[in-house]
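As structure tokens, the structure follows; a few thoughts come after it.
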Amino acid sequence: DLVAHLGEAKAEANAAPRLVAGLSLDKDDDDSIAENRRILLEARAHIESAYQALKAAREEVRIILDNLGIKAKVVL
């Protein structure tokens with residue numbers, strides 16, 4: 001469902017900056033470095049999920065256009 005994919009993409013994309021906002025200065029503290037890395041990896045996962053949802057939404061649009069007899073230009 002197009003709307004669901006777009007909603008998921010928006011939610012996942014919005015989660016990433018909220019996580020990154022919580023980063024702290026590490027000051028060569030191994031625990032802070034590890035926590036910052038964990039946060040960055042989690043934010044990256046949210047961005048990847050958003051990307052996948054957008055790809056699914058794009059496919060939904062292609063299907064809709066095909067059903068309407070409209071040939072869409074392929075854009076990578």
Side-chain angles (χ1 to χ4, degrees):
D1 178 58
L2 176 61
V3 174
H5 291 306
L6 292 175
E8 179 184 353
K10 182 177 180 180
E12 292 290 341
N14 286 336
R18 283 194 296 267
L19 284 169
V20 175
L23 291 174
S24 61
L25 295 175
D26 56 54
K27 299 181 184 174
D28 295 327
D29 175 30
D30 289 341
D31 291 335
S32 292
I33 292 170
E35 180 63 11
N36 285 344
R37 186 177 195 295
R38 185 197 64 76
I39 290 170
L40 289 170
L41 289 172
E42 187 177 343
R44 181 180 182 203
H46 282 289
I47 291 168
E48 178 62 30
S49 293
Y51 175 68
Q52 293 302 321
L54 287 174
K55 283 175 48 175
R58 182 177 62 192
E59 179 61 17
E60 291 287 334
V61 169
R62 189 197 61 75
I63 291 168
I64 292 168
L65 292 175
D66 280 350
N67 289 339
L68 293 172
I70 301 169
K71 296 298 175 194
K73 190 187 310 184
V74 176
V75 178
L76 299 176

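Since the model is a prediction, treat every value here as computed from it, not as a measurement.
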For the student: nearest non-hydrogen atoms of [X] and [Y], plus distance:
{"X": "A16", "Y": "A43", "result": "CB-O, 3.7 Å"}
{"X": "A57", "Y": "H5", "result": "CB-CB, 3.7 Å"}
{"X": "L41", "Y": "R37", "result": "CD1-NH1, 2.7 Å"}
{"X": "K71", "Y": "D66", "result": "NZ-OD1, 4.1 Å"}

Looking at R62, I want to see if its CZ is surrounded by more than 12 non-hydrogen atoms of other residues, nucleotides or ligands under 6.0 Å. yes

What distance do [X] atom [atom1] and [Y] atom [atom2] have between them, rounded to the nearest 0.5 Å?
{"X": "I39", "Y": "S24", "atom1": "CD1", "atom2": "OG", "result": "7.0 Å"}
{"X": "I33", "Y": "D28", "atom1": "CD1", "atom2": "CG", "result": "6.0 Å"}
{"X": "L19", "Y": "R38", "atom1": "CG", "atom2": "CZ", "result": "7.5 Å"}

Given E48, which partner from the list H46, Q52, R44 fulfils the side chain to side chain donor-acceptor pair (under 3.5 Å) test? Q52

Checking salt bridge (charged side-chain N to carboxylate O under 4.0 Å, His left out) for the pair K55/E59: CA distance, chi angles, key distance, verdict? CA-CA 6 Å; K55 283 175 48 175; E59 179 61 17; over 6 Å; no

Spell out, as yes or no, whether a donor-acceptor pair under 3.5 Å connects the side chain of N36 to the backbone of L25. no

Contact check, side chains of L54 and L6, non-hydrogen atoms, under 4.5 Å: yes

